[in-house]
Structure formats: structure tokens, C-alpha cells
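Sequence positions, counted from 1, serve as the residue numbers for this chain. All values derive from a computational prediction rather than experimental measurement.
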Amino acid sequence: MTDQAFLDHVADRLAALPGVRAVTLGGSRAQGTHTPSSDWDFALYYRGPFDPAGLRAVGWEGEVSEIGGWGGGVFNGGAWLTIDGRRADVHYRDLDVVEHELAEAEQGRFHWEPLMFHLAGIPSYLVVAELAVNRVLRGALPRPGYPEPLRRSAPPMWRDRAAMTLQYAGSAYAARGLATEVAGALATAAMQTAHAVLAARGEWVTNEKRLLERAGLRGVDAIVAALRPDPHALTRAVAEAKALFAAAV
């Protein structure tokens with residue numbers, strides 16, 4: 001199939017599932033930054049109960065999770081599939097949850113959630129960001145701008161998390177010469193700081209893949225690369241990271 005035929009095929013099958021009200025294309029392919037090897041990221045927006053058995057019954061090869069199978073919260077499950085030889089992810093999006101988080105974001109309110117593969121976790125407004133940047137293939141969805149109250153509330157929360165992460169790295173890890181632990185803390189704090197930078201700009205974030213580049217924080221690579229299990233060197237690395245992050249925000 002051509003790419004357009006593939007999109008139509010997948011969108012039609014997903015939109016036909018019981019309870020589904022809209023289907024979107026996300027990720028790099030929605031934003032035009034993809035490569036030929038990039039996977040395809042779809043989201044199905046449902047109202048009321050949704051039974052993943054319907055998605056399994058379509059017969060696409062892969063793994064289909066239950067609702068909440070990816071940890072629960074706003075990112076509440078999905079599927080990793082191979083369709084027509086293409087790698088495709090399908091994310092479940094509960095419209096009641098999405099609309100609630102949109103209303104919360106417009107008031108500057110959100111919460112933090114852990115998510116597999118994400119160093120800094122995710123803000124609950126991630127599902128609002130998806131509305132803003134994803135391409136609607138079937139159905140209709142709101143297209144929000146970045147709320148000013150969120151631009152005021154999100155940066156300090158992310159900055160505080162980064163500061164606490166670095167403080168703990170310095171007191172609990174660096175002084176003991178624990179290089180691996182310091183490396184993990186620096187990576188996490190860098191992602192947290194990047195969230196703060198982009199929130200202050202009013203730029204949506206949907207994942208961590210290009211987060212450091214967008215925030216101008218790739219300089220942390222040199223700090224991490226120079227780590228060694230020596231307390232003085234690790235303490236210096238934490239101080240360098242603090243200075244780098246402070247300049248960014």
C-alpha cells in the first residue's frame with residue numbers, strides 16, 4: 001500500500017471499533033520529521049467503555065494491552081503492531097479524561113505521572129499536547145493553543161523537580177563516588193529542566209525523544225561523558241549541570 005492508502009486503511013478500521021469517536025496520527029509522521037524507518041503512531045479516542053478485544057479481532061500482528069495496561073493514568077494503554085509490514089503503535093485515549101485534562105490545563109493545573117521509557121515521567125497535559133499537534137484522520141477533536149496559566153504554573157514545578165534531583169545526586173551519590181547513579185540523576189534533571197524551558201516558551205511536548213535538543217540542553221552530554229567514580233569529579237559534574245540548567249531557564 002502507499003502511505004496514504006495505509007493511513008486510510010488503519011484509520012477506517014480503528015474508527016469502526018465500538019466506542020471510538022476519533023482517530024489521529026501522531027509522532028514524527030504527523031509533524032513531518034520522520035524518516036523512512038519511523039514507525040506510525042495512531043491514537044483512538046473513545047467515549048464510554050472501550051474493549052481492546054475489538055482491536056485484537058482486527059487480526060493485526062502484535063501485542064494489544066488492556067485498558068490501563070501501560071500503567072494507567074492519562075496514558076492508559078495501547079498496542080504495538082505490524083500492519084502491512086509497517087511498525088505501528090496505537091494509543092488509547094479516553095475522551096472524558098482528555099477533556100478533563102484540557103479544562104485543567106486551561107486553569108494552569110496538572111499533575112505528574114510516571115511512564116515507562118520516560119526519564120522524567122510525563123505531565124497530565126501530554127494528552128492536551130497531542131490534541132494540539134496530532135493530525136486528525138477521522139472524527140473531530142479540539143485544537144487547543146498553549147494556555148497562559150499553564151505557561152506560568154508548569155515551569156516552576158519542573159524547575160523544582162530538577163533542583164531536588166540534583167540536590168539528592170550531590171548529597172547521596174556524588175559524595176560516595178557512585179557514577180552510575182549520578183549519571184541517571186543528571187539525565188533525569190536535564191529532562192525535567194527541558195520541560196520547564198519548553199513550557200515557559202509555550203511549546204507542547206509529547207515525548208522525550210527530542211526534548212534536550214529543543215531546549216538547548218545537549219551540553220549535558222559532555223558532563224555525563226566525563227563522569228568517573230571519584231567523589232570530587234562527581235561533585236564537580238553536579239555543579240556544572242546546575243550551572244547549565246540555570247542558564248537554560
Side-chain angles (χ1 to χ4, degrees), residues 27-28 33 35 37-39 41 63 65 68-78 80 89 110-126 129 150-201 203-249:
S28 61
T33 59
T35 66
S37 63
S38 296
D39 59 6
D41 295 303
E63 178 182 340
S65 84
W70 291 355
V74 298
F75 214 103
N76 67 336
W80 294 321
D89 297 341
F110 67 98
H111 62 274
W112 173 92
E113 294 182 358
L115 182 62
M116 288 189 297
F117 319 125
H118 287 65
L119 294 174
I122 60 169
S124 56
Y125 58 76
L126 179 144
L150 191 62
R151 289 186 67 173
R152 294 191 295 270
S153 65
M157 187 281 276
W158 287 113
R159 290 197 304 268
D160 288 348
R161 292 185 76 90
M164 288 187 289
T165 300
L166 289 179
Q167 180 180 4
Y168 192 82
S171 62
Y173 300 146
R176 293 177 171 85
L178 304 177
T180 298
E181 289 84 343
V182 170
L186 294 185
T188 299
M191 292 295 186
Q192 293 164 335
T193 302
H195 273 290
V197 170
L198 294 180
R201 294 179 190 164
E203 296 182 16
W204 292 114
V205 172
T206 57
N207 59 58
E208 291 183 341
K209 292 178 182 177
R210 297 181 57 249
L211 192 50
L212 296 184
E213 285 87 350
R214 291 175 61 191
L217 287 172
R218 275 270 65 112
V220 74
D221 289 344
I223 299 174
V224 172
L227 295 179
R228 63 182 189 274
D230 171 74
H232 296 294
L234 294 177
T235 299
R236 183 169 60 250
V238 172
E240 291 172 353
K242 286 181 180 179
L244 175 68
F245 301 159
V249 298

* Which pair of non-hydrogen atoms, one from A199 and one from Y125, has the smallest distance, and what is that distance? -> CB-OH, 4.3 Å

* Starting at CG of D41, measure out to CG of N207 and round the result to the nearest 0.5 Å. => 8.0 Å

* Around R176, counting heavy atoms of other residues, nucleotides and ligands shown, do more than 12 lie under 6.0 Å from its CZ? -> no

* Does S124 use its side chain to pair, donor to acceptor, with the backbone of H111 at less than 3.5 Å? -> yes

* Which value, rounded to the nearest 0.5 Å, describes the distance between L227 atom CG and L178 atom CG? -> 11.5 Å

* **Minimum heavy-atom distance between G170 and A174, given as atom pair plus value** => O-CB, 3.7 Å

* Asked: Rounded to the nearest 0.5 Å, how far apart are NZ of K209 and NE2 of H118?
  -> 8.0 Å

* If only atom types and distance count, is the side chain of E208 paired as donor or acceptor with the main-chain N or O of M191 below 3.5 Å? -> no

* Minimum heavy-atom distance between W70 and G78, given as atom pair plus value -> CZ2-C, 3.5 Å

* **Validation row: E113, L126 side chains within 4.5 angstrom (heavy atoms)** => no

* Asked: What is the distance from atom CZ of R161 to atom CD of Q192, rounded to the nearest 0.5 Å?
  -> 6.0 Å

* Asked: Does Y173 reach the side chain of L234, with side-chain heavy atoms less than 4.5 Å apart?
  -> no

* In Å, rounded to the nearest 0.5 Å, how long is the span from CG of D221 to CG of L186? -> 11.0 Å

* Are the side chain of E240 and the backbone N or O of I223 linked by a donor-acceptor pair below 3.5 Å? -> no

* Structure fact -> Correct closest heavy-atom pair for P155 and A196 would be O-CB, 3.6 Å

* Asked: Aromatic rings H195 and W158: how do their planes relate, parallel, tilted or perpendicular, breaks at 30° and 60°?
  -> parallel

* To do: To the nearest 0.5 Å, tell me how far Q167 CD sits from D160 CG.
  => 11.0 Å

* side-chain contact (heavy atoms from CB on, under 4.5 Å) between I122 and V74: does it pass, once the steps are laid out? -> CA-CA 9 Å; I122 60 169; V74 298; 4.0 Å; yes

* Closest non-hydrogen atom pair between S153 and F110, with its separation -> OG-CE2, 3.9 Å

* Structure fact -> Of all heavy-atom pairs linking A190 and L217, the shortest is O-CD1, 3.6 Å

* Backbone N or O of S65 within a donor-acceptor pair of the W80 side chain at under 3.5 Å? -> no

